[in-house]
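Data block below; observations after.
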Amino acid sequence: MQAAGLWHVGTLGSVTDAPVVRFAPSPTGFLHVGSAHSALANWLVARQAGGRFLLRIEDTDAERNRPELIENVLEMLRWLGLGWDDEPVHQSDRTDEHRRAALEMAEAGTAYWCDCAGEQVQARAQERGGPPGYDGHCRRRGLDRSDSTALRFRVPEGTTRWTDLVRGEVSFENTTLEDFVLLRSSGAPMFLLVNALDDAHMGITHVIRGEDHVNGTPKYLLILRALSLDEPTAFAHLPLLVNEGRKKLSKRRDDVSVADYRAEGLLPEAMVNYLSLLGWGPPDGVEVRPVEEIIELYDLAAVNPSPAFFDRDKLLHVNGEWIRSLDPADFVARASPFLPPGDEPAQALAAMAPLVQERVKTLAEAPAMVDFLWMEEPPLDEAAWDKALVRGRAAREVLDASLDELGRLAEAGDGAWVAADVSDAVARVATTAGLVNAEGRPQMAKAQAPIRVATTGRAVGPPLWESLAVLGPTRTLARLGAARERLG
RNA sequence: GCCCCCGUCGUCCAGCGGCCCAGGACACCGGCCUUUCAAGCCGGCAACGCGGGUUCGAAUCCCGUCGGGGGUACCA
């Protein structure tokens, strides 16, 4: 909340009191976690200060543009709960406007036409042994527009600086900036031009984006100044999200698709919560908390400028906490897309929900915890069978005694039984099978193992008494009998 | 190469000149609890890159150095 005052610093008056921010994805891939991180920061700032969070689709690259991906981006933002204001702006709709501004610069002399081919530029750079990049060859040639000329910005002398909310003062000597291209020879406007123009057009007050845009910022600023357009009141360059090799997260190497995380059973609350923790931490140290609180506490000025490792383990931990905090009915509803179709799986999960919630880190893990309840023959973990039934001590005795004790309980129970009675019966089984400790107490851990594998197919799972209570006497006894037979 | 940014436990975050022989979280290790597995609780391991300065006093300020990253397209 301390940061609230920041919105007013350097503004000219009451008009810009509430921040106007934007998320500007280019539809060249699925929304990835790095973009989501930026989108979240923008959204938080807008929601915190009663501002507006706008969307702009940067679709000016006709080559790589994949319109169908726009829908993925929007869907993921919706899933994350990062709702936007107004209709998304499509950059490609404003091309005429962009071109007009570029021509205006050509007219004013702040930009000039250049017919150098890329190879020529490179060759000259190599020849003079200097740094690669454009050398200003056409600066004074006074070329006219043609279908083989690109428009380049005439970088002025001086120093370009700005105050970054995350990084403090940042400055560039303009001599280190090359005369970059504004308009391709095809007439298509370039990213930097379009980006700056559209931000001005949309009245963006706070440009919040990844650190990879730092180097483009002086050019962005220079363009706005050449056109006498209003500059944003603040910039914030967020830390990059990196992989274990400390490299920027990339689509090729890393698991970055938000859609994939959703498919893995991450809760959007957990995703947003975890993302907020990269580069920032709440002042009170409470990490897992509702987004409403994060909105209140988030502060760009407190964001750590160094790169942050996207730690899957911690993400999963946060997700586990969120899953455990869910109301059981809500948990079942959210996990249902991960269940096989039909009423049975849903009912099985509902019957065991609280016990399952405590044991999974993702929704996708839930079905395997209760599949023995709806499957006629649950998949058998051979290693578990071998350990508990073949090599396990007194396995036959346990099964025999179980058939006996649980059979008696079933008869008394008239088709159903309760967990406490199952527990008592297994205690008697342990004693019968000789599984007792020095004090003569039944060793429940040992006794439950063969029964668990025989009835659920696995060595681990939810508490057995409750599991068998839901499974019911008929199926429990049938499976115990089958296991006994298989053992021989 | 050049430009820019960054540098506290393995990882994320706290620390903004004395409260720090550095705190929390994840991971890891041990213990307790316990019908398995989890969860929970208790405990442990583990960091201020290095060198100079400034100061009575530096993780905190300055300089340098080393290291890492990002950018350097008629991609966005």
Side-chain angles (χ1 to χ4, degrees), chain A residues 24-28 58-61 63-65 91 114 116-118 121-122 125 129-134 148-152 164 166-167 170-173 175-178 180-186 188 190-192 194-195 210-218 237 239-240 242 244 246-248 274 277-288 302 304-318 320-321 324 355-361 369 384 388 422-423 426-427 430 442-449 451-453 456 458-466:
Chain A
S26 62
T28 54
E58 310 223 315
D59 54 356
T60 54
D61 183 355
E63 307 276 299
R64 300 195 304 154
N65 213 18
Q91 212 157 46
C114 165
C116 298
V121 173
Q122 281 179 24
Y134 187 66
S148 62
T149 54
L151 185 68
R152 286 184 182 273
D164 198 288
V166 174
R167 282 153 217 281
V170 183
S171 72
F172 283 76
E173 287 303 324
T175 50
T176 67
L177 271 23
E178 281 128 36
F180 54 96
V181 172
L182 256 17
L183 237 40
R184 295 180 240 198
S185 45
S186 69
M190 294 287 288
F191 166 73
L192 240 14
V194 171
N195 192 249
E211 193 199 333
D212 46 350
H213 290 282
V214 168
N215 294 271
T217 302
H237 287 95
L240 250 25
V242 299
E244 43 289 306
R246 308 301 300 175
K247 297 264 199 290
K248 181 168 77 160
Y274 176 65
L277 261 18
L278 292 174
W280 176 82
D284 59 9
V286 178
E287 297 187 321
V288 178
N304 189 330
S306 37
F309 172 63
F310 187 82
D311 187 351
R312 209 189 142 73
D313 284 342
K314 183 139 181 176
L315 202 214
L316 256 25
H317 166 80
V318 171
E321 294 233 20
R324 267 171 263 134
L355 297 174
V356 174
Q357 276 172 271
E358 206 165 278
R359 290 170 170 75
V360 296
K361 286 189 167 172
M369 301 247 82
V422 173
S423 174
V426 174
Q443 294 178 299
M444 304 300 273
K446 288 199 166 61
Q448 63 94 40
I451 303 174
R452 178 183 292 281
V453 176
T456 72
R458 292 186 168 86
V460 299
L464 189 59
W465 322 150
E466 285 77 0

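Lettering follows sequence order; numbering is per chain, from 1.
Applying the 3.5 Å distance criterion, the base of B:G71 shares no donor-acceptor pair with the side chain of A:E211. Checked by distance alone, A:S185 brings a side-chain donor or acceptor within 3.5 Å of a matching partner on the base of B:C74.
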*B/S/- contact track for nucleotides 35-45 of chain B, protein heavy atom under 4.0 Å*: BBBBSS-----
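The distance between atom CG of A:L277 and atom C1' of B:C12, rounded to the nearest whole Å, is 7 Å. Between the P atom of B:U72 and the NE2 atom of A:H213 lies a distance of 10 Å, rounded to the nearest Å. To the nearest angstrom, P of B:G71 lies 13 Å from CZ of A:R167.
One finds a side-chain N or O of A:T60 lying less than 4.0 angstrom from the OP1 or OP2 phosphate oxygen of B:A76. Checking the phosphate oxygens (OP1, OP2) of B:G69, a side-chain nitrogen or oxygen of A:K247 falls inside 4.0 Å. For the pair A:R184 and B:A76, the criterion of a side-chain N or O lying under 4.0 Å from OP1 or OP2 is met.
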Taking N or O atoms only and anything under 3.5 Å, show me the protein contacts with nucleotides 62-67 of chain B, one pair per line.
none

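Within the nucleic acid shown, A:N304 comes within 4.0 Å of sugar-phosphate atoms alone, with no base atom in reach, counting heavy atoms only. Across all strands shown, A:G320 has no heavy atoms under 4.0 Å from either base or sugar-phosphate atoms. Within 4.0 Å (heavy atoms only), A:F172 reaches sugar-phosphate atoms of the nucleic acid but no base atom. Among the protein residues, A:S306 comes within range of the sugar-phosphate backbone only, with heavy atoms under 4.0 Å from sugar or phosphate atoms but none that close to a base.
Of all nucleotides present, none satisfies the Watson-Crick or G-U wobble test against B:A59 with each distance under 3.5 Å.
Annotation: side chain of A:K314 is in contact with side chain of A:E287 (closest heavy-atom distance under 4.5 Å).
Projected onto RNA chain B by closest heavy-atom contact, A:A302 and A:T149 fall at different nucleotides, the more 5' of which corresponds to A:A302.
Comparing B:C3, B:A27, B:U11 by their closest approach to the side chain of A:R246 singles out B:U11. The side chain of A:K314 approaches B:A25 more closely than any other nucleotide in the set B:C13, B:C74, B:A25. Set against B:C12, B:G71, B:U11, the side chain of A:D212 has B:G71 as its closest nucleotide. Of the candidate nucleotides B:C6, B:C3, B:U11, B:C6 has the atom lying nearest to any side-chain atom of A:P305.
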_Steps toward side chain to side chain contact (heavy atoms under 4.5 Å, CB included) verdict (A:M444, A:S423)_ = CA-CA 9 Å; A:M444 304 300 273; A:S423 174; 4.1 Å; yes
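The OH atom of A:Y134 lies 3.0 Å from the SG atom of A:C114; values are rounded to the nearest 0.5 Å.
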